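Notes for the one structure printed next.
In each ligand, atom 1 is the first atom listed, and ligand 1 is the first ligand listed. All values reported here derive from a predicted model rather than from experimental measurement.
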Amino acid sequence: MTNEEKLREKILIAEDDAVSLHVLKSFLVKWDYDVTVVTNGTQALQILESDDTPRLAVLDWMMPGIEGIQICQKIRAHPEKPYIYMLLLTARTHKKDLLQGFAFGADDYLTKPFDSRELRARLHVGERILNLEDELRFRATHDNLTRVCSRGVALDAISREEARQVRDKSSFGVILVDLDHFKSINDTYGHMCGDTVLKEAARRMTGCARPYDTVGRYGGEEFLIVVASADESITLALAERVRIAICSQPFATDSGDVHVTASFGVAASSIVRPLSSKELLQLADEALYRAKRKGRDQSEGSISLETVSITKTGSQRFG
Ligand code: GH3
Ligand code: MG
Ligand code: MG
Ligand code: MG
């Protein structure tokens, strides 16, 4: 898929009348939408409930299967999902009907036969609202300064990996990252410079992580990376990649180049040694503390210490 194709807004048309459908589709294609067409309500609902749904939909009111307003009602029953802007197309012009459409969750309506300029203008309103929705959702789930995930979202990612572990018998890891002597960066170069360093550190972390990993700001100059489908050694390898990405190149700031290092505490939950998120974070935190104590700018795992303590107690819990 090219970048250009990715930017085209996806739109669903659900219309059982062949002539209306043809007219609608040709306009939307001409206006460069990425158009999906269905001819009944059941198919429309299936597409709108899928993970990869278009977020703009033009729904005929009267269709075989499920009617347009019922689709609106079913979609609105899931407010946690990304917003879908739904425009009803109808031959009904009674105010009572239109009010019912809104009550069921439609965003807008257009009466048939429609004026193409009006349709286009109304779709632009829809896109504007979707852009605002994206912006609000981003702000609610991301850290303002660094633009990585918020702490809550990163902790939710751990819960998601825990559920996946039960389902798929997979492993996953966490990395706690703490910038070294960050206070002295603030003290030496000022708080603004500190902010620049935080932003750039977050950018480097995100650059090393895979798309299905989660990078979050844990608090202050600490970050949490949740590493999907990874055992401790894979997680440790990612921590090392991030460490090198941070320490190998100075950070360009308005106060000049600043050399930055970070310390890393790593822990993983595997099917042989499943850990709760609390245990996992505690192990990672202890590992981070050891990395700091050993001189900073390094990554520490948790397995070796557990093995030592287990050898000491003679327990056969694993290995
Ligand atoms: P260590 O190597 O032991 O981690 O030392 P440190 O100086 O990094 O740790 P410490 O906890 O003493 O200091 C963290 C500092 O991070 C203190 C706080 O003012 C600063 N800080 C937290 N949030 C922000 C922020 O958003 N921007 C800036 N510029 N500084 C921040
Ligand atoms: Mg119809
Ligand atoms: Mg700290
Ligand atoms: Mg620190």
Hey, quick one: are L236 and L280 part of the same hydrophobic cluster, counting side-chain heavy atoms closer than 4.5 Å, chains of contacts allowed? no

CZ (R203) and CD (E200) are apart, to the nearest 0.5 Å, by 4.0 Å

Heavy-atom donor-acceptor pair, T196 side chain to M192 backbone, under 3.5 Å: yes

Just which atoms of ligand 1 are under 4.0 Å from any heavy atom in R296? 1 (P), 2 (O), 3 (O)

So the atoms of ligand 1 within less than 4.0 Å of a heavy atom of L179 turn out to be 2 (O), 4 (O), 8 (O)

What's within reach of the Mg ion (ligand 4), meaning protein N/O/S atoms under 2.8 Å? D178 OD1, L179 O, E221 OE2

Just checking, is any N or O donor in the side chain of E240 or S299 under 3.5 Å from an acceptor N or O on the other one? yes

Applying side chain to side chain contact (heavy atoms under 4.5 Å, CB included), run through C72 and F102 and close with a yes or a no. CA-CA 9 Å; C72 293; F102 286 123; over 6 Å; no

Just need the protein heavy atom nearest to atom 8 (O) of ligand 1, so name the residue and atom and give the distance. F182 N, 2.8 Å

Nearest protein heavy-atom contact for atom 20 (C) of ligand 1: which residue, which atom, what distance? N186 ND2, 3.5 Å

Is there any N or O on G194 that sits under 3.5 Å from an N or O of ligand 1? no

Tell me whether E15 contacts the main-chain N or O of T39 through its side chain, where contact means a donor paired with an acceptor under 3.5 Å. no

When distances are taken from atom 22 (C) of ligand 1, the protein heavy atom at minimum range is G220 CA, 3.5 Å

Do L21 and L59 share a hydrophobic cluster (ILVMFWY, side-chain heavy atoms under 4.5 Å, transitive)? no

Is the shortest distance from atom 4 (O) of ligand 1 to a protein heavy atom below 4.0 Å? yes

Q100 atom CD: more than 12 heavy-atom contacts under 6.0 Å: yes

Residue, atom and distance of the protein heavy atom nearest atom 12 (O) of ligand 1 read K183 CD, 4.0 Å

Quick test: of every protein heavy atom, which one is nearest to atom 9 (O) of ligand 1, and how far off is it to 0.1 Å? E221 OE2, 3.7 Å

So which protein heavy atom does atom 1 (P) of ligand 1 come closest to, and at what separation? K292 NZ, 3.4 Å

Using a strict threshold of under 4.0 Å (side-chain N to carboxylate O), is an ion pair present between D143 and R151? no

Where is the nearest protein heavy atom to atom 27 (N) of ligand 1: which residue, which atom, and how far? D195 OD1, 2.7 Å

Looking only at protein heavy atoms, which one is nearest to atom 26 (O) of ligand 1, and how far off is it? R217 NH2, 2.8 Å

Atom indices of ligand 1 within 4.0 angstrom of D178 heavy atoms, with elements: 4 (O)

So does D187 get a backbone contact from the side chain of S184, meaning a donor-acceptor N/O pair under 3.5 Å? no

With rounding to the nearest 0.5 angstrom, report the CG to CG distance, L87 to L123. 6.0 Å

Do D231 and S233 get their side chains close enough for a donor-acceptor pair, meaning under 3.5 Å? yes

